[in-house]
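See below for the structure under consideration.
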Amino acid sequence: GRGRRRGRGRGSRGGGEERVTGGRQDGGEAGPVVEDDDRLLRLAADFDNYKKRVAREREEYVAFANERLVKDLLPILDDLERALAAVGDHEEATVEEGVRLVHRSLASLLERNGVNEIATNGKFDPHVHEALLSQPSEAEEGSVIDVVQKGYAIGDRVVRPARVVIAAAPPANGSDG
């Protein structure tokens, strides 16, 4: 049977006077060679599994290290977006141009590192959106009507959810409370 191992008795280690597989007791090598081959194959398989596990863990570690960096860079991107919005009120085109350049390069850097902006058009998705407020609106109930802060993801992993305002049912006519 497959479940039983022949050869060594329980608890015995080393020594040349153990039972030999296949019934040969005259020093024949058929049993120990097969047993050694089996052991080597198992060892090779275990080592291969170990290498795969270590590679997977390393990839996860790198992804989490990148996530930490991205979390630190996102407030800078937010500040630049606010500065761009404020510059529109002034005549200083060179300041605006400089800020736009920095914004573009930072956004490009994030994109090259796998960071994507979370889409906020359509229905509210609790997996990628954080509802800050719901307002009565003519839009479909539960849809995103305003974005307070953009959300970002690395691949499928949400780094920061999009902070949004969602549509509530419009107030019923004639009921003032």
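Numbers for residues simply follow the sequence, beginning at 1. Just so you know, these numbers use all the heavy atoms, side chains as well, and skip hydrogens, waters and symmetry mates.
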**Asked** Within the distance-only criterion (no hydrogens, no angle test), does the side chain of His129 pair as donor or acceptor with the backbone N or O of Ala119 below 3.5 angstrom?
**Response** yes
**Request:** Look at Asp46 together with Arg42 and state whether they make a salt bridge at an N to O cut-off of under 4.0 Å.
**Result:** no
**Message:** Assigning hydrophobic clusters by single linkage (Ile, Leu, Val, Met, Phe, Trp, Tyr; side-chain heavy-atom cutoff under 4.5 Å), is Leu132 placed with Val164?
**Reply:** no
**Message:** Side-chain heavy atoms under 4.5 Å apart, restricted to Ile/Leu/Val/Met/Phe/Trp/Tyr: what other residues fall into the cluster of Tyr61, or is it alone?
**Reply:** none
**Request:** Verify the neighbour count for atom CD of Glu111: are there more than 12 heavy atoms of other residues, nucleotides or ligands below 6.0 Å?
**Result:** no
**Asked** Have Ser108 and Arg104 got a donor and an acceptor in their side chains that come within less than 3.5 Å?
**Response** no
**Asked** If you group Ile, Leu, Val, Met, Phe, Trp and Tyr by side-chain heavy-atom gaps below 4.5 Å, do Tyr152 and Leu106 land in one group?
**Response** yes
**Message:** Are Val128 and Leu133 linked, directly or through intermediate hydrophobic residues, by side-chain heavy-atom contacts shorter than 4.5 Å (ILVMFWY only)?
**Reply:** no
**Fill in**
Checking Arg160, Arg163, Lys71 against Asp78 for salt bridge (charged side-chain N to carboxylate O under 4.0 Å, His left out), the one that qualifies is Arg160
**Prompt:** Rounded to the nearest 0.5 Å, what separation is found between the CD1 atom of Ile145 and the CZ atom of Phe124?
**Reply:** 12.5 Å
**Request:** Could you please spell out the steps behind the side-chain contact (heavy atoms from CB on, under 4.5 Å) verdict for Phe64 and Arg157?
**Result:** CA-CA 10 Å; Phe64 291 129; Arg157 186 179 179 88; 3.0 Å; yes
**Prompt:** Taking atom CG of Leu69 and atom CG of Asn113, what is their separation to the nearest 0.5 Å?
**Reply:** 7.0 Å
**More than 12 heavy atoms of other groups within 6.0 Å of Asp156 CG** = no
**Request:** Going by the side-chain contact (heavy atoms from CB on, under 4.5 Å) test, name the single residue among Leu73, Val70, Val115 that passes it with Leu109.
**Result:** Leu73
**Request:** May I ask you to say whether Arg53 pairs ionically with Glu57, meaning some side-chain N is under 4.0 Å from a carboxylate O?
**Result:** yes
**Prompt:** Quick one: are Leu110 and Leu74 in side-chain contact, heavy atoms under 4.5 Å?
**Reply:** yes
**Prompt:** Between CZ of Arg39 and CD of Glu35, what distance do you get to the nearest 0.5 Å?
**Reply:** 5.5 Å
**Request:** Check Pro170 against Ser137 and note the closest heavy-atom contact, atom names and distance.
**Result:** CD-O, 3.5 Å
**Request:** Spell out, yes or no, whether Val102 and Leu77 are grouped together once hydrophobic residues are joined by side-chain heavy atoms under 4.5 Å, including indirect joins.
**Result:** yes
**Item:** Within-4.5 Å side-chain heavy-atom neighbours: Asp38 and Val34
**Value:** no
**Prompt:** Transitively linked via ILVMFWY side-chain contacts under 4.5 Å: Val144 with Ile118?
**Reply:** no
**Fill in**
So the salt bridge (Lys or Arg N to Asp or Glu O under 4.0 Å) pairs with at least one residue in residues 137-146 (sequence neighbours excluded) are Lys123-Glu140
